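All remarks here apply to the structure that follows.
Note that the coordinates shown come from a computational prediction; the quantities given were computed from them, not determined experimentally. This chain uses plain numbering: 1 for the first residue, then up along the sequence.
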Amino acid sequence: MSDTARSIYITSPEGETGKSTIALGVLDLLVRKVQRVGVFRPVTRAVGPDVQDYVLELLLAHDGVDVTAEQAIGVTYEDVHADPEGALSQIVARYHEVARQCDFVVVVGTDYTDVAGPTELSFNARVAANLGAPVLLVVSGKGRTPDAVGNLIEVSVAELRSQHAQPIGVVANRVQPDDLDAVRALLGSLGPDGEPLTGAGTPSGPTAEPAPGARLPGWAVPEDPFLDAPTVRILMEAVGGTLAFGEEELLAREATDLLVGAMSFEHLLDRLTDGAVVITPGDRVDILIGLLAAHSASGFPSLAGVILNGGFFPPESTARLVADLDPSLPIIRTDLGTFRSASAAASARGRVTKESQRKVDTALALFEQSVDGAALLAGLDVPRPEVVTPLMFEYELLSRARADRKHVVLPEGDDDRILRAASTLLGRQVAELTILGEEQKVRARAAELGLDIDAAHVVSPHDPELVERFAAEYQRLRAHKGMTLEEARERVQDVSYFGTMMVHLGLADGMVSGAKHTTAHTIKPSFEIIKTQPGVSVVSSVFLMCLQDRVLVYGDCAVIPDPTAEQLADIAISSAATAQQFGVDQRVAMLSYSTGESGSGADVDKVRRGTALVRERRPDLFVEGPIQYDAAVDASVAASKMPGSDVAGRATVFIFPDLNTGNNTYKAVQRSAGAVAVGPVLQGLNKPVNDLSRGALVQDIVNTVAITAIQAQAPADAADPTSDSQGATS
């Protein structure tokens with residue numbers, strides 16, 4: 001592998017700039033475009049049981065990085081103190097070990113925790129120059145005027161250049177929202193040395209645009225206090241506390257406010273806020289019971305935790321009452337007094353870590369909205385990728401969904417995975433969401449989990465007005481089956497029917513369900529209500545199979561057990577359309593156990609007839625069948641078995657003769673080849689409805705919602721909503 005990997009060195013002139021969140025954004029941007037991305041820390045504290053490099057842990061946890069912590073570390077601060085020149089030589093050698101196995105390396109500079117302050121930026125500049133890595137400078141706008149930010153940039157860029165480092169851009173991070181416009185104007189006028197260009201746009205000067213090559217690109221990222229919020233677990237550790245009651249999982253929630261509750265509960269109640277942790281003496285039983293009541297009550301803030309201090313604990317009778325209430329809210333006890341508890345908790349620092357998905361989502365959203373990723377990549381000369389990795393494909397899904405946001409309904413609002421996925425989708429602005437469930441219960445659980453679903457619509461499937469509207473429409477649609485209004489009223493309160501009716505009546509563009517329900521329960525309503533597209537007789541499915549270097553389409557692996565020749569043709573045509581929708585070439589292989597005219601029998605003849613029907617209905621498609629899998633994917637086999645074919649050896653869409661073959665094949669490829677299987681993606685419906693596995697992970701749900709949104713972006717041809725549809729469920 002080449003030892004000439006491209007790289008970027010991210011550094012700052014001081015601590016507390018939020019450099020790690022910018023590094024995370026850059027890393028996330030690069031894994032969309034580059035196959036092998038590495039991470040490197042030139043200098044770190046000695047890592048062990050008592051010392052952690054949170055920046056390194058955060059970056060190494062990214063799915064797109066395949067480098068170990070040991071490989072990613074150059075030297076320790078102790079090494080730099082003992083022998084600066086020797087440490088620099090070791091850093092260069094260690095860096096090239098990582099570079100040899102990567103296409104791009106994100107290098108993150110020191111944290112201003114040990115190296116002498118005035119010389120630290122100079123040291124980082126020397127490292128960057130010796131690595132041949134262009135520098136992205138990160139400065140903090142927190143507590144600074146725009147002019148002060150400009151002065152800091154100018155001095156820092158001069159220091160970088162004095163050590164022969166090459167700055168390629170500046171990020172002013174943690175800028176107060178009121179100063180954003182002024183800072184962005186200043187950054188738009190930076191010359192190559194970080195000084196304002198004469199005659200270029202400044203907050204108070206003319207707006208002449210400097211020549212592109214004459215300026216240093218710059219971006220401003222606003223301050224978000226949530227990124228600094230410590231988790232309840234961090235506060236518990238800060239006060240030396242232990243969990244007395246509540247869910248341990250909820251210790252991961254961020255504490256966005258800290259209150260000392262030694263006053264009367266009446267006065268404390270007025271000061272409670274969402275996400276607050278209240279420190280109160282352990283013998284104030286009245287306050288503890290009041291806090292639990294307020295936390296559980298509708299219309300009152302959702303607390304993040306309670307710390308009982310002073311070494312006191314409620315007497316046995318009260319403790320029994322608290323236990324019987326079975327609170328999910330973390331209740332922590334500590335021996336520290338009020339002052340020491342409050343001081344320790346107030347000094348606890350929050351970080352963006354791999355454990356906080358909401359913080360990661362928030363940081364990435366801020367980066368995406370504030371930094372021109374295309375301009376940054378252009379400055380780094382990142383080549384257009386020749387392969388498509390699973391991560392590249394997943395990020396492309398999110399980007400395409402975000403480009404034209406659609407409205408997706410999630411019926412299973414009582415599942416924590418759905419709430420976590422919703423928080424990510426909303427934070428990354430992938431789709432507009434409606435979650436079905438009782439609003440107070442759904443929002444309270446999301447708040448307990450430390451999730452932000454404020455932008456979601458939460459709708460009860462028992463909403464009287466909607467139930468009546470949906471029942472009347474469902475009774476009309478199913479009148480030919482003898483459906484009465486009373487039966488319809490009961491039926492549409494099922495979450496799958498309710499969500500499907502929302503899609504049918506245009507209250508949502510698509511639906512994703514199945515985390516807690518069977519495939520049949522999820523998609524049966526769509527057969528009755530949404531129905532199939534014109535010219536399509538069946539609803540079928542595909543899996544998008546993400547291999548190491550490409551994406552293939554497998555159908556049908558989830559819906560139709562034993563398709564007829566006509567249904568095979570429908571599946572092939574629908575699968576080709578799905579492939580095109582997701583950027584996959586349309587080269588369709590109709591699979592069988594023989595190739596061309598070499599075999600006979602009912603199973604082969606079915607595939608042969610299906611292939612003929614595809615050619616008749618879609619003469620523009622490249623389709624081949626019957627064909628064996630090896631002839632479809634291997635050019636050398638294709639050359640001997642089916643020479644001259646437009647599909648053989650180059651197939652991208654694979655149509656299996658039956659569900660047994662398709663389901664087993666996709667799982668074999670998934671497990672044996674390490675492929676990422678995205679799906680099943682339902683196709684053939686007038687509007688998109690997609691099913692989840694009941695073992696779905698949060699990322700699976702995020703991907704499926706993005707797929708559904710993309711399907712909704714490309715509406716099918718006008719369909720007859722009264723036409724009958726057919727389909728089978730697994």
Side-chain angles (χ1 to χ4, degrees), residues 406-415 418 422 431-439 441-442 456-533 538-539 541 558-559 680-694 696 701 704-705 708 711-712 719-730:
K406 295 299 180 182
H407 188 160
V408 178
V409 58
L410 303 173
E412 298 159 316
D414 56 346
D415 190 300
I418 295 294
E432 184 180 354
L433 299 179
T434 288
I435 302 171
L436 297 189
E438 301 309 316
E439 182 163 17
K441 185 175 180 181
V442 169
H457 312 278
V458 181
V459 176
S460 168
H462 310 298
D463 179 276
E465 184 177 340
L466 289 175
V467 166
E468 288 305 310
R469 179 182 175 187
F470 292 173
E473 175 65 6
Y474 183 68
Q475 192 273 335
R476 183 188 72 78
L477 291 172
R478 304 296 289 173
H480 64 290
K481 296 290 187 179
M483 178 62 60
T484 67
L485 185 60
E486 187 59 35
E487 289 173 324
R489 195 176 285 119
E490 182 178 348
R491 182 73 57 85
V492 299
Q493 293 183 69
D494 176 279
V495 291
S496 291
Y497 277 91
F498 193 95
T500 304
M501 288 301 301
M502 286 188 66
V503 177
H504 171 67
L505 292 174
L507 301 179
D509 300 308
M511 182 178 89
V512 172
S513 189
K516 298 186 72 170
H517 296 90
T518 64
T519 296
H521 187 274
T522 296
I523 66 177
K524 182 175 182 290
S526 64
F527 296 158
E528 299 177 1
I529 298 167
I530 293 176
K531 304 184 179 180
T532 56
Q533 298 168 5
V538 292
V539 174
S541 73
V559 180
V681 179
L682 296 185
Q683 54 190 15
L685 288 166
N686 276 315
K687 295 182 178 181
V689 170
N690 280 307
D691 178 42
L692 297 165
S693 161
R694 276 172 283 176
I701 300 169
T704 304
V705 171
T708 305
Q711 287 179 308
D720 177 5
T722 62
S723 65
D724 268 334
S725 60
Q726 304 170 20
T729 60
S730 57

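Heavy-atom minimum distance, R694 versus G514: CG-O, 3.3 Å. Nearest heavy atoms, K687 versus G506: NZ-N, 4.0 Å. Across L485 and Q475, no two heavy atoms sit closer than the pair N-CG, 3.6 Å.
No side-chain heavy atom of R489 sits under 4.5 Å from any side-chain heavy atom of F470. I418 places a side-chain heavy atom less than 4.5 Å from the side chain of L692.
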| said: Show, in sequence, the C-alpha distance, side-chain angles and deciding distance for D494 and H521, and conclude whether the side chain to side chain donor-acceptor pair (under 3.5 Å) test is met. | reply: CA-CA 10 Å; D494 176 279; H521 187 274; 2.9 Å; yes

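Here the straight-line distance linking atom CD1 of I530 with atom NE2 of H504 works out to 8.5 Å at 0.5 Å rounding.
For the 3.5 Å distance criterion, the side chains of N690 and T704 fail to qualify, holding no donor opposite an acceptor. No side-chain donor from either of T522 and H517 sits under 3.5 Å from a side-chain acceptor of the other.
Residues E528 and K524 are paired through a salt bridge, judged by an N-O separation under 4.0 Å between the basic side chain and the carboxylate.
For Q711 (side chain) and L682 (main-chain N/O), a donor-acceptor pair under 3.5 Å exists by modelled atom type.
In this view, E438 and K441, S460, P461, H462 satisfy the side chain to side chain contact (heavy atoms under 4.5 Å, CB included) rule, not counting sequence neighbours.
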